[in-house]
Peer 1: 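Here it is, the structure in full.
Whatever order the structure lists ligands and atoms in, that order sets their numbers, starting from 1.
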Amino acid sequence: MKPFLLIVEDEASIATLLEYNFQKEGYEVGLATDGEEALLLTSERVPDIILLDWMLPKLSGIEVCRRLRHREATRATPIIMLTARGDETDKIQGLDYGADDYMVKPFSTPELLARVRALLRRTQPSLLEDTIRLGDIEINAKTFRVKRGQADIHLGPTEYRLLDHFMRSPAQVFSREQLLDAIWGRDVYVEARTVDVHIGRLRKALKKNGGQDPIRTVRSAGYAFETPS
Ligand code: CA
């Protein structure tokens, strides 16, 4: 069963970016563009987790949060507040409005994905798929263990994140730039050939016991994970 995430955000560009990234990570995503719509949608179906913008038309994020906390069905629903950079941050820290966490815009998408995952793991651990298995390769997102057949594969943290990223979208070709954004984040400057170095290490580790290379180099495009047979 996919976790159901509700995004409450009136800025279309941010909403679209979040929707795309969470769907890609296996979430079912609902979208509300103002505070009243958020209350309506949550009364129809209780989300597993809510991303709630602070500045919203009709009802502010704070007010939505307060009202959700007064309803039996959403009293304990995890809520992450999204705020704009500025003096709001002091206010949000001082207010007891009932959110579980908050992030200041512009935020890094990998970090937000990680926070959502961490919050869900704490509140609804059964919702998260911990194991991904493709061919004879298996990764466990809870223990960070990687196995090929019966053998443990030892990876560095960057190689692990690369493999995790590939295995969530098998056969999809990723450019070096896309991999840089996904693994290192948009704010970090890393040269494109760094990607090649880590792909090289990942390949070496995966082939250690004689298995075929599951990572395909796509000329002038990037890399893709092919499920080993
Ligand atoms: Ca807003």
Peer 1: For atom CZ of Arg71, is the number of surrounding heavy atoms from other residues, nucleotides or ligands below 6.0 Å larger than 12?
Peer 2: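 Atom CZ in Arg71 is packed in, count exceeds 12.
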
Peer 1: Just to be sure I understand the site: which N, O or S atoms from the protein are less than 3.0 Å away from the Ca ion (ligand 1)?
Peer 2: Asp10 OD1, Asp53 OD2, Met55 O

Peer 1: Are there more than 12 heavy atoms of other residues, nucleotides or ligands under 6.0 Å from atom NZ of Lys204?
Peer 2: no

Peer 1: Are more than 12 heavy atoms, taken from residues, nucleotides or ligands other than Arg193, located less than 6.0 Å from that residue's CZ atom?
Peer 2: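 Counting other residues, nucleotides and ligands, CZ of Arg193 stays at 12 neighbours or fewer.
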
Peer 1: Crowded around Glu44 CD? As in, over 12 foreign heavy atoms under 6.0 Å?
Peer 2: yes

Peer 1: Is it the case that atom CZ in Arg145 sees more than 12 heavy atoms from other parts of the structure closer than 6.0 Å?
Peer 2: no

Peer 1: Run the side-chain hydrogen bond (donor to acceptor under 3.5 Å, both in side chains) test on Arg201 and Thr158 for me, step by step, so that the C-alpha distance in whole Å, both residues' side-chain angles and the decisive distance to 0.1 Å come before the verdict.
Peer 2: CA-CA 10 Å; Arg201 289 185 194 154; Thr158 303; over 6 Å; no

